[in-house]
2 protein chains.
Amino acid sequence: MDPNSPQTASVTVADVARKAGVSKATAARVLGGYGTVSDRVRDAVTAAARALDYRPNELARSMTTGRSGTIGVVVGDIENPFFSLAMRGITDVARQAGFTVILINSGEDVSAEKAAIRTLIAKRVDGLIVSPAKETDVEHLREVVGSGRPLALLDRGINAFEVDTVIADDRQAAEGVTRQLIALGHRHIAYLTACDTPDHLFRTPGDINTGSVRRRIEGFLSTCREAGLGPVEHWIHMGAVIPEQTRQIAERLLEAKDRPTAIIASDSVIGLEVFKTSRAIGLAIPDDLSLISFHDADWTAVTSPPVTVVRQPVYQLGEMAARLLVERLNGFAGPGREVVLQTEFVERASISSAPSLPR
Amino acid sequence: MDPNSPQTASVTVADVARKAGVSKATAARVLGGYGTVSDRVRDAVTAAARALDYRPNELARSMTTGRSGTIGVVVGDIENPFFSLAMRGITDVARQAGFTVILINSGEDVSAEKAAIRTLIAKRVDGLIVSPAKETDVEHLREVVGSGRPLALLDRGINAFEVDTVIADDRQAAEGVTRQLIALGHRHIAYLTACDTPDHLFRTPGDINTGSVRRRIEGFLSTCREAGLGPVEHWIHMGAVIPEQTRQIAERLLEAKDRPTAIIASDSVIGLEVFKTSRAIGLAIPDDLSLISFHDADWTAVTSPPVTVVRQPVYQLGEMAARLLVERLNGFAGPGREVVLQTEFVERASISSAPSLPR
DNA sequence: TTTTAAATTGAGACCGGTCTCATTGGCTTT
DNA sequence: AAAGCCAATGAGACCGGTCTCAATTTAAAA
């Protein structure tokens with residue numbers, strides 16, 4: 001009676017039906033918006049529902065329809081601005097299409113990713129968007145596809161089987177910035193990434209599990225080789241996972257006799273730490289060291305000097321992944337699509353022609 | 001038969017039971033891990049489940065247990081570093097406690113917030129964490145509490161009814177930074193916030209709907225008044241919602257004859273824009289203008305000069321909110337708790353003694 | 001060995017919706 | 001007025017689990 005009293009047991013269609021004096025089936029038709037009902041009955045049921053403050057149970061609905069209206073998203077780390085911005089793109093599209101989003105962080109750990117996917121399938125999500133931690137360990141992704149659920153991959157692709165994939169043109173971007181540095185006279189360029197191998201040594205791009213990074217490194221390597229530079233394999237530095245590690249790598253690198261005259265940072269967290277470290281060491285940017293970073297984080301525009309970056313369409317990446325997924329959810333059944341979004345080279349004052357180093 | 005064949009219809013307990021030669025009830029006991037079963041039967045069922053690649057349907061389970069194992073989170077904007085970091089804290093705690101998280105952005109819009117909460121209740125989330133857009137419009141939150149679902153508020157409190165609330169000591173922090181600026185000789189300090197009123201004019205703290213900001217402004221106002229400064233109400237500038245608006249406000253402010261000698265930015269997005277604008281106008285920080293920002297975003301440490309900030313324990317804010325909620329979910333039924341986490345004053349080179357302005 | 005308690009197991013209701021199928025009544029067609 | 005159709009409604013199965021309750025088996029106690 002009292003509308004403010006705590007509703008312990010929730011109101012069901014049966015309750016509404018009883019109050020409206022119709023059958024459960026009819027009440028369900030009105031409440032669920034399907035089938036045909038007379039206006040008189042519709043009004044009665046609607047009124048009863050309002051009076052009882054009826055709240056549909058989406059869970060029960062999902063049971064019979066088989067659709068949960070939910071999309072599962074597995075990303076490395078929502079704290080990372082890259083993922084949080086992509087996530088915004090995903091949620092915006094999902095919401096508009098009538099889906100809610102369940103978010104799980106994998107921490108870039110494959111076993112956590114597997115557990116996440118298992119959980120999401122148990123929750124009967126209608127589809128998944130995953131940013132796979134490793135491109136070499138994807139059996140769990142294959143299972144998703146096998147279960148008949150649409151899957152879209154974000155920022156990292158799997159060539160092994162057909163799914164929708166959205167990536168940026170990392171390879172071209174890397175080629176572009178590398179070419180630019182070479183044109184400025186740089187003959188020793190270091191590339192820093194968080195990716196790692198067991199022995200922390202880079203041999204071939206095949207060692208790199210993260211697709212976006214692998215593509216960048218391929219672009220970097222091929223451009224350097226074209227220009228006849230070497231030994232380019234030793235210019236790739238791995239394991240810059242946390243700022244402290246990045247700092248150590250940067251210090252070792254910049255204090256060496258044959259230090260690089262330019263550094264490409266694979267993400268803005270690394271870029272920031274390189275910036276700090278070079279300042280701490282006393283190297284001036286860009287006179288002593290040129291710096292280019294992937295991802296145009298906020299801070300890159302306000303440092304002195306501001307940092308040259310490769311701007312990725314991060315929001316659009318998430319948006320597109322969600323869009324492709326929603327299309328599948330709405331019945332599209334064509335072959336797997338790969339969408340490559342363009343990056344933008346934002347040139348700022350952190351690069352200049354190479355200094356002549358003492359030998 | 002073929003384990004790689006697409007599983008169209010999913011395997012149910014009944015299927016497993018049939019294969020194991022036991023009743024549905026017994027198979028369910030093994031699979032659900034409840035009741036008592038003999039080892040022999042357990043093995044048989046487990047083997048059958050493995051052979052069929054049985055995947056539990058969490059939805060069906062939720063139907064009878066009434067618990068969905070899901071927490072709903074409503075934040076202003078996941079793209080904002082503040083929320084994404086808090087979200088990380090929430091998801092970490094939730095995952096460890098065995099819950100998954102559904103995320104919805106409200107865009108700081110109350111009607112979107114209402115829709116979000118309605119959706120989450122329809123999905124039968126076990127509990128909610130909300131960062132309410134407005135503290136004055138909270139009937140929908142009251143309904144959540146009325147429905148018997150635990151609710152925890154993040155960063156913004158509602159005094160109206162008892163729920164768990166986690167906030168930072170914004171008031172004290174604001175008092176501290178204001179006192180500091182006054183001690184440095186500043187007699188005209190501007191405070192910029194994204195909050196707004198219909199006519200963009202500030203009158204009393206009661207106009208501010210966002211709790212954290214209101215508390216800061218209260219601290220700012222009282223400290224200024226104690227020091228005998230005025231007209232302090234005119235020093236509060238509202239509506240800095242997007243960078244462009246912030247720039248306009250900052251320009252108008254800094255180009256005026258009686259410009260402030262210090263600015264307090266209510267968040268790092270505003271702080272960044274003020275920094276850019278003052279540089280564009282040609283005002284030197286800190287000689288011409290002192291700048292303090294709330295939220296120690298990445299970039300604040302690398303600008304020239306680096307920016308003095310109030311560091312909020314953002315991750316911990318989310319962590320604590322989730323922790324309080326999980327406690328309730330596990331049966332805790334005490335009165336609403338308010339947790340206030342300490343902020344930290346990080347003094348950097350962006351503040352100095354006030355310049356003497358021409359009159 | 002008989003009695004008693006405890007452990008196992010099966011049958012079936014139930015959660016709250018959806019959906020099929022059969023029934024009823026009104027309206028059109030000829 | 002009889003036949004034919006379609007809209008409106010109700011009864012009840014079903015989704016895939018959980019859980020109660022009674023029946024049966026097994027182990028422990030007397």
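We name chains A, B, ... by the order of the sequence lines, and we start the count at 1 in each one.
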Nearest-nucleotide 5' precedence on DNA chain C, B/Gly21 against B/Met63: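 Upstream on the strand: B/Gly21.
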Check [X] against [Y] and note the closest heavy-atom contact, atom names and distance.
X	Y	result
B/Lys123	A/Ser68	NZ-O, 2.7 Å
B/Leu120	B/Ile102	CD2-CG2, 3.7 Å
B/Asp126	B/Pro150	O-CD, 3.2 Å

Can you name the residues that form a side-chain contact (heavy atoms from CB on, under 4.5 Å) with B/Glu338, not counting sequence neighbours?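 Listed in chain order: B/Thr165, B/Ile167, B/Val340.
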Run the side-chain contact (heavy atoms from CB on, under 4.5 Å) test against B/Ser84 and tell me which residues pass, sequence neighbours left out.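 Scan of B/Ser84 (side-chain contact (heavy atoms from CB on, under 4.5 Å), adjacent residues dropped) gives A/Ser84, B/Ile78.
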Do the side-chain N and O atoms of A/Ser147 and A/Arg149 include a donor-acceptor pair separated by under 3.5 angstrom?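 Distance-only check passes for A/Ser147 and A/Arg149.
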With rounding to the nearest 0.5 angstrom, report the CE to CG distance, B/Met87 to A/Asn105. 8.0 Å
Any chance CZ of B/Arg55 has more than 12 other-residue heavy atoms, nucleotides or ligands included, within less than 6.0 Å?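 Counting other residues, nucleotides and ligands, CZ of B/Arg55 exceeds 12 neighbours.
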For atom CZ of B/Arg337, decide whether the heavy atoms of other residues, nucleotides or ligands shown that lie under 6.0 angstrom number more than 12. yes
Return the set of residues passing salt bridge (Lys or Arg N to Asp or Glu O under 4.0 Å) with [X] (not counting sequence neighbours), or none when no residue passes.
X	result
B/Arg18	B/Asp15
B/Asp155	none
A/Arg88	A/Asp92, B/Asp77
B/Lys114	B/Asp137

Give me the distances for all protein-to-nucleotides 17-21 of chain D N/O pairs that come in under 3.5 Å?
| from | atom 1 | to | atom 2 | distance (Å) |
| --- | --- | --- | --- | --- |
| D/dG17 | OP1 | B/Tyr54 | OH | 3.3 |
| D/dG17 | OP2 | B/Val13 | N | 2.9 |
| D/dG17 | O5' | B/Tyr54 | OH | 3.0 |
| D/dG17 | N7 | B/Lys24 | NZ | 3.3 |
| D/dG17 | O6 | B/Lys24 | NZ | 2.9 |
| D/dT18 | OP1 | B/Arg61 | NE | 3.1 |
| D/dT18 | OP2 | B/Tyr34 | OH | 3.4 |
| D/dT18 | O4' | B/Thr64 | OG1 | 2.8 |

Say whether, by atom type as modelled, one donor and one acceptor occur between the side chain of A/Arg156 and the main chain of A/Leu153 under 3.5 angstrom. no
Between B/Arg18 (CZ) and C/dT9 (C1'), how many Å, whole number? 18 Å
Kindly state which residues belonging to residues 39-46 of chain A come within less than 4.0 angstrom of DNA chain C, counting heavy atoms of the residue only, listed by number.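 Contacting residues: none.
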Distances for protein N/O vs nucleotides 25-28 of chain C N/O pairs under 3.5 angstrom?
none

May I ask you to say what A/Thr36 touches in the nucleic acid, namely base, sugar-phosphate or nothing, with a heavy-atom cut-off under 4.0 Å?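 Base, at least one base heavy atom under 4.0 Å.
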Helix axis bend for the helix from C/dT1-D/dA30 to C/dT30-D/dA1 - C1'-based end axes, five pairs, 10° rounding: 30°
Show me the side-chain donor-acceptor pairs of residues 29-52 of chain B shorter than 3.5 Å, one per line, residues at least two apart or across chains.
| from | atom 1 | to | atom 2 | distance (Å) |
| --- | --- | --- | --- | --- |
| B/Ser38 | OG | B/Val41 | N | 3.4 |
| B/Arg42 | NH2 | B/Val37 | O | 3.4 |
| B/Thr46 | OG1 | B/Arg42 | O | 2.6 |

Check whether any side-chain N or O of A/Thr26 sits under 4.0 Å from OP1 or OP2 of D/dG10, and answer yes or no. yes
Shortest side-chain distance from A/Ser38, nucleotide among C/dG16, D/dA8, C/dA11: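 Nucleotide nearest to A/Ser38's side chain: D/dA8.
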Can you tabulate the close N/O pairs, meaning under 3.5 Å, that link protein atoms to atoms of nucleotides 22-28 of chain D?
none

